[in-house]
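One structure is given below, encoded as structure tokens.
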Amino acid sequence: MVSDRPRVSKSPQQSPDVLVAGGGAIGVAAAYELARRGVDVVVVEAREAAGSECSYGNAGLVSPSHCIPLAAPGLLRRVPGWLRPGGAVYIKLRPSLDLVRFGAELARSCRPERMLLGLRTLRDLTRASRDLFEQLSGEGLEFGYRRDGLMNVCVSERAFEALRQDAELLRREGFEPQVLGPGEARELEPALRPDIAGAVFWAEDAHCEPGRFVTELARAAERAGARFELGTRVTGLQRGADGSVAAVETTNGTLRPRTVVLAAGSWTPQLARLAGTRVPLEPGKGYHVHLPEGAPQLRLPLIFQESVFAATPMGGALRLAGTMEFVGVDVGLAEAKATRLLHEARGYIQGLDSPGAYETWSGLRPCTPDSLPIVGRSVRVPNLLFATGHAMLGLTLAPVTGQAIADLVVEGRSELPLEPLSPGRYGA
């Protein structure tokens, strides 16, 4: 995965200013922003490389157009269809109080006013984050960043009508979608099949190579002074008399940071419980098929609307990535479910009949009931911050989340619209 990674600190400072638990895109972005502002920061990551989980395997999209929350009016009518295995979205019913709580909060989040608040918050944050991607690219970080736009593609008229309604909603919120017929869509992307129903193109979206992005940003963070404790798990959080985190116990020793940032993705709830609080996250399992050669050379990324996954050109390779399964903390790879992406992609694009060798992967995205990340200070633990729950926008929102965390640590406040993301909305 990420072979050329930051070095492991051999003699870590035992009392850093900030400890970031989690070395994915979010944690690395936070470390980068903190270090460049002069903060002594250490990242603790359980895997042997930064960016080894969803930060490696995602679709590589930097997509402001992807800002409509999943928690939206009409969602609950679709849930019965998601209880059957094999679909693009699947909910595995199981005896879990956390799942029941998540479902109840999800139902409350589907009101129109909450959906619009979430949409506008994500719109503003994703655009700010995309601008930071462009700044990083302009400063010399090489991670395959391209602003070629993104196209949602439909094969059925029913899906195309629903997509046009979403496009109109986003048009009212300041976007400029281009609704395309089959011929117009194929002019932009000749690899599309001629029998598609239609598409919508979003010119402001971008894409990159996600694993490469995390590796390059981790190097930049290290150059700025951040340290990485890789292959190191957090095993305990000692609480002080005032309820704050006084010490962080790890498999490589005990650290005593002034501030702790939980950026551990789908594993954040376990760490939150060690700190005496709770966050309502459900892992959303996704898959990818990565074709290094022999695949169609797409001009731009595509989202296959009915099948709920993306096709992204990455250099000379093609990555098919997406779907959503709520199956608990299940990290196993179901090979048949991964290769289903390859089968269904043939309904949208040409040239996949003889794909050659390919890689399959699965990972867990941290999802919240209201489709908004949890970013900010804990209302229960004085020196604890959260940076988690980004679901399918983890890569897109990584730079701006890093900026937000650094703002809160260094300045005590941020100009970014963080109130809707507050851990306090869940009592965390």
Side-chain angles (χ1 to χ4, degrees), residues 59-68 74 78 87-89 119 123 126-127 130 144-208 288-291 293-323 340-356 358 392 396:
L61 302 179
V62 179
S63 51
S65 72
H66 211 63
C67 67
I68 299 178
R78 300 159 63 188
V89 180
L119 185 160
R123 174 198 62 195
T126 54
R127 283 176 166 171
R130 180 204 56 210
Y145 180 82
R146 296 180 61 90
R147 190 166 170 178
D148 294 334
L150 168 72
M151 190 187 301
N152 290 68
V153 183
C154 302
V155 294
S156 71
E157 289 295 339
R158 181 178 180 181
F160 190 29
E161 174 57 29
L163 177 60
R164 287 195 295 263
Q165 291 177 13
D166 286 347
E168 185 55 37
L169 169 62
L170 290 181
R171 190 188 305 278
R172 295 194 297 269
E173 296 298 329
F175 287 83
E176 297 181 353
Q178 300 176 38
V179 179
L180 307 172
E184 296 169 311
R186 294 190 71 213
E187 287 181 11
L188 285 178
E189 180 46 78
L192 288 169
R193 290 175 56 93
D195 55 351
I196 63 167
V200 173
F201 177 68
W202 311 89
E204 69 173 86
D205 286 7
H207 69 284
C208 69
H288 90 207
V289 171
H290 189 87
L291 300 99
E293 56 186 25
Q297 298 298 300
L298 299 184
R299 292 181 180 177
L300 68 156
L302 308 173
I303 290 181
F304 303 143
Q305 198 71 7
E306 293 91 341
S307 296
V308 197
F309 67 90
T312 309
M314 294 188 180
L318 177 68
R319 178 170 293 182
L320 309 175
T323 74
R340 166 187 158 272
L341 302 180
L342 188 58
H343 172 74
E344 294 200 10
R346 296 183 180 118
Y348 295 86
I349 57 177
Q350 305 174 87
L352 284 175
D353 293 333
S354 302
Y358 54 82
M392 292 179 287
T396 297

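These numbers come from a predicted model, not from an experiment.
- Taking CG of L342 as the reference point, atom CG of L291 lies at 6.0 Å (rounded to 0.5 Å).
- Rounding to the nearest 0.5 Å gives a distance of 10.0 Å between CE of M151 and CG of L298.
- Residues R147 and V62 form no side-chain contact, since every pair of their non-hydrogen atoms from C-beta on lies 4.5 Å or further apart.
- Interatomic distance, F309 CZ to L341 CG, rounded to the nearest 0.5 Å: 5.0 Å.
- For the pair M314/H290, a side-chain contact is recorded, criterion being any heavy-atom separation below 4.5 Å from C-beta on.
- Residues T126 and S63 have side chains not in contact (no heavy-atom distance under 4.5 Å, counting atoms from C-beta outward).
- Between the side chain of E306 and the backbone N or O of A159, no donor-acceptor pair lies under 3.5 Å.
- Between the side chain of R193 and the main chain of I349, no donor-acceptor pair closer than 3.5 Å is present.
- You'll find the side chain of L170 reaches within 4.5 Å of the side chain of L119, heavy atoms only.
- Put simply, the side chain of R319 does not reach to within 4.5 Å of the side chain of V289, judged on heavy atoms.
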Go through the steps to decide whether C154 and I196 satisfy the test side chain to side chain contact (heavy atoms under 4.5 Å, CB included), and finish with yes or no.
CA-CA 6 Å; C154 302; I196 63 167; over 6 Å; no
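- Classified by interplanar angle (parallel below 30°, tilted 30° to 60°, perpendicular above 60°), the ring pair F304/Y348 is parallel.
- Between H66 and the options I303, N152, L61, D205, a side-chain contact (heavy atoms from CB on, under 4.5 Å) holds for only I303.
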Run the side chain to side chain contact (heavy atoms under 4.5 Å, CB included) test on V200 and Q305 for me, step by step, so that the C-alpha distance in whole Å, both residues' side-chain angles and the decisive distance to 0.1 Å come before the verdict.
CA-CA 10 Å; V200 173; Q305 198 71 7; over 6 Å; no
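- Separating the CD atom in E168 from the CZ atom in R164 is a distance of 11.5 Å, to the nearest 0.5 Å.
- For R186 (side chain) and L192 (main-chain N/O), a donor-acceptor pair under 3.5 Å exists by modelled atom type.
- Put simply, OG1 on T312 and CG on L320 are 8.5 Å apart, with the number rounded to the nearest 0.5 Å.
- Separation of atoms CD1 (I68) and CG (L169) is listed at 5.0 Å; rounding is to 0.5 Å.
- Residues passing the salt bridge (charged side-chain N to carboxylate O under 4.0 Å, His left out) test with E204 are R127, R130, sequence neighbours excluded.
- Dense packing is recorded around CD of E173, with more than 12 heavy atoms of other residues, nucleotides or ligands lying under 6.0 Å away.
- In this structure, the side chains of E189 and P301 stay at 4.5 Å or more apart for every pair of heavy atoms.
- Side-chain atoms of Q178 do not come within 3.5 Å of backbone N or O of W202 as any donor-acceptor pair.
- At a threshold of 4.5 Å between non-hydrogen side-chain atoms, the residues L180 and L188 count as touching.
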